[in-house]
Protein chains: 2
Amino acid sequence: MNKINRKVEYALIALKHMRAKAPGELTAAKEISTLYGCPFDVMSRVLQALGKRGLVRSEQGAHGGYQISRDLAKVSFYELNEMLLGPVAVAKCLHEEAGEPSCEMRGKCNIVSPVTTLNRKLIEFYRGLSLAELLDPRHASVQSRIPTNIAQAAADAAAVAEQR
Amino acid sequence: MNKINRKVEYALIALKHMRAKAPGELTAAKEISTLYGCPFDVMSRVLQALGKRGLVRSEQGAHGGYQISRDLAKVSFYELNEMLLGPVAVAKCLHEEAGEPSCEMRGKCNIVSPVTTLNRKLIEFYRGLSLAELLDPRHASVQSRIPTNIAQAAADAAAVAEQR
DNA sequence: CTAAATACGACTAAAAAAGACGTATTTAAA
DNA sequence: TTTAAATACGTCTTTTTTAGTCGTATTTAG
Ligand code: SF4
Ligand code: SF4
């Protein structure tokens, strides 16, 4: 599993849609929601949240709407997540906010260090992934991915062989 | 946000605990659950699942218990996740199993390709992370992490400066 | 035989995510 | 100046997922 949040998906949908438009052109939340079949309310809230964080610019009133206001090549997937869900924390003992119910195992727990490591690495991974790279199909196919996969496949085969 | 599943945490706790023991020594689920204060049932189920997948070996009866049966340096965090939660799929349109309710936006959706890319990259990331590396504090501090962080910090500073 | 352990299926409770509703505000245009 | 179409928010309900519990069978050392 490991599903990403739906809000993030909606944000990607909206960004991908708006990215294809001419600079300065506005897009209404309703336009996106009807086009892609997602609930207007949710899409609206997502865009409002992104507006507050400065990723999109909003214009009110009739003929109002949203437009992307930052270069997506310079916005990481981590930033997008943070805008919509707050700081990444793979376990609840990390980033303990006031009022949040802390983990009752804290103190006895033997994996705080591993979990902290994982959290750091995941953030690094998300930080290294720009929205442009994610949304642009050209980027997806480049990046010399194939060699990596072959190496992985070879490693897998070796591991399987070893287990016998 | 972006929390990892609790089962995975329990698995890490158990593995870390068993890793410190002499080879061949068994550990009862109860020992772990009482020591770290997690529910016995859940820990038990997790260990049983790992037993079925061959990561640990179980011995029944009185004085029974579990022991690690594979070299954790050769088991990836991806594998652990898969053992407990099934294949990683960041969106529900990926790995559509029989019976699972598919995404109603499929067909209209404009981000299937980005999401597929993200899924692949996340799997690669998890595959490149061994359980030994995660659980062993020695590994955590090595790995030349600091240079990467400095590079990231510099990139961040540049991005912030640019926005103004 | 008994106690202590794994093994498993089914159920319940809690938490989180997703979505719906209601209303106020802004603004272009009729 | 009225109206329609849009953003902006706050609250609520529903749904889904996750976490935890209960009950019982099976295995095995002592
Ligand atoms: S179990 Fe350990 S790592 Fe997980 S949240 Fe609790 S204290 Fe943190
Ligand atoms: S919204 Fe698009 S990407 Fe997300 S699950 Fe549905 S079809 Fe897949």
Side-chain angles (χ1 to χ4, degrees), chain A residues 1-11 13-14 18 25-34 36-53 56-67 69 81 84-86 89-92 99-105, chain B residues 1-11 13-14 18 25-34 36-53 56-67 69 81 84-86 89-92 99-105:
Chain A
M1 297 302 141
N2 241 301
K3 292 209 185 71
I4 63 173
N5 194 288
R6 208 79 205 249
K7 286 183 194 170
V8 175
E9 278 204 337
Y10 290 144
I13 288 174
M18 292 191 287
E25 191 173 352
L26 293 177
T27 306
K30 194 177 183 180
E31 174 182 328
I32 304 178
S33 69
T34 55
Y36 300 108
C38 63
F40 167 79
D41 279 20
V42 183
M43 177 56 77
S44 203
R45 298 162 71 78
V46 165
L47 286 167
Q48 282 166 35
L50 297 183
K52 226 177 211 171
R53 301 305 214 89
V56 303
R57 201 181 67 76
S58 74
E59 207 160 290
Q60 287 188 323
H63 300 99
Y66 301 89
Q67 71 186 120
S69 61
N81 267 273
L84 297 171
L85 310 171
V90 298
K92 56 180 173 183
E100 272 188 30
S102 167
C103 178
E104 65 283 357
M105 303 174 75
Chain B
M1 299 299 140
N2 239 301
K3 292 206 185 73
I4 63 174
N5 193 287
R6 207 78 206 248
K7 286 182 193 172
V8 175
E9 278 204 339
Y10 290 144
I13 289 174
M18 291 192 288
E25 192 173 352
L26 293 176
T27 306
K30 194 175 183 182
E31 175 182 328
I32 304 177
S33 69
T34 55
Y36 300 108
C38 63
F40 166 78
D41 280 21
V42 182
M43 177 56 76
S44 204
R45 300 159 69 77
V46 165
L47 286 167
Q48 282 165 34
L50 296 183
K52 227 178 211 171
R53 301 305 216 91
V56 303
R57 200 180 69 76
S58 74
E59 207 160 291
Q60 288 190 323
H63 299 98
Y66 301 88
Q67 72 186 119
S69 61
N81 268 273
L84 296 172
L85 310 172
V90 298
K92 56 180 169 180
E100 274 189 28
S102 166
C103 178
E104 64 284 356
M105 303 176 75

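We name chains A, B, ... by the order of the sequence lines, and we start the count at 1 in each one.
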Exercise. Please check the phosphate of D/dA8 (OP1 and OP2 only) for any side-chain N or O of A/Tyr66 closer than 4.0 Å.
Key: yes
Exercise. For B/Gly65, report the nucleic acid contact type (base, sugar-phosphate, nothing); a contact means any heavy atom under 4.0 Å.
Key: sugar-phosphate
Practice problem: Between C/dA18, D/dG20, C/dA29, spot the one nearest the side chain of B/Arg6, thanks. | Solution: D/dG20
Exercise. Might you point out which heavy atoms bring B/Ala91 and A/Glu9 nearest each other, and give the distance in Å?
Key: CB-OE2, 3.0 Å
Quiz prompt | Between D/dT17 (C1') and A/Ile4 (CD1): distance, integer Å | solution = 17 Å
Quiz item: Among D/dA8, C/dC21, D/dG10, which is the nearest nucleotide to the side chain of A/Arg45?
Solution: D/dG10
Quiz item: Over how many whole Å does the gap from A/Gln60 atom CD to C/dA29 atom P extend?
Solution: 16 Å
Practice problem: Please report, rounded to the nearest Å, how far the C1' atom of D/dT13 is from the CG atom of A/Asp41. | Solution: 13 Å
Quiz item: For C/dA18, does either OP1 or OP2 sit under 4.0 Å from a side-chain N or O belonging to A/Tyr10?
Solution: no
Exercise. Please state how far atom CD in A/Glu59 lies from atom C1' in C/dA28, giving the value in whole angstrom units.
Key: 11 Å
Quiz item: Between C/dA7, D/dC9, C/dG19, which one does the side chain of A/Lys52 approach most closely?
Solution: D/dC9
Quiz item: Please give, in whole Å, the distance from D/dA5 C1' to A/Ile32 CD1?
Solution: 16 Å
Self-check item: Candidate nucleotides D/dT21, C/dA29, C/dT27, ranked by approach to the side chain of B/Val42 - the nearest
Solution: D/dT21
Quiz item: Are side-chain heavy atoms of A/Leu47 and A/Thr27 found at a separation under 4.5 Å?
Solution: no
Quiz item: Looking at D/dT7, C/dA29, C/dG9, which one has an atom nearest to any side-chain atom of A/Ser58?
Solution: D/dT7
Self-check item: Per B/Glu104 side chain, nearest of listed nucleotides D/dT27, D/dG20, C/dG19
Solution: C/dG19
Quiz item: Would you say C/dA7 has OP1 or OP2 under 4.0 Å from some side-chain N or O of B/Ser44?
Solution: no
Quiz item: The side chain of A/Ala62 lies closest to which of these nucleotides: C/dA10, D/dA5, C/dA5?
Solution: D/dA5
Quiz item: Between C/dA7 atom P and B/Arg53 atom CZ, what is the distance in whole Å?
Solution: 15 Å
Self-check item: Minimum side-chain heavy-atom gap A/Leu50-A/Leu84 below 4.5 Å
Solution: yes
Practice problem: Please round to the nearest 0.5 Å and tell me the distance separating atom OG of A/Ser69 and atom CE of A/Met18. | Solution: 9.0 Å
Quiz item: Are any of A/Asn5's side-chain N or O atoms less than 4.0 Å away from OP1 or OP2 of C/dA16?
Solution: no
Quiz item: Do A/Ser44 side-chain atoms and A/Asp41 backbone N/O form a donor-acceptor pair below 3.5 Å?
Solution: no
Exercise. Round to a whole Å and report the spacing from CG of A/Leu84 to C1' of C/dA16.
Key: 16 Å
Quiz item: Rounded to the nearest Å, what distance is computed from the NZ atom of residue A/Lys92 to the C1' atom of nucleotide D/dT18?
Solution: 11 Å
Exercise. Could you pick out which residue, A/Lys30 or A/Asn2, lies toward the 5' side of DNA chain D when each is mapped onto its nearest nucleotide?
Key: A/Lys30
Exercise. Would you kindly compare A/Gly61 and A/Pro39 by the position of their nearest DNA chain C nucleotide and give the one closer to the 5′ end?
Key: A/Pro39
Quiz prompt | Point-to-point distance, once rounded to the nearest 0.5 Å, from NZ of B/Lys92 to CE of B/Met105 | solution = 10.0 Å
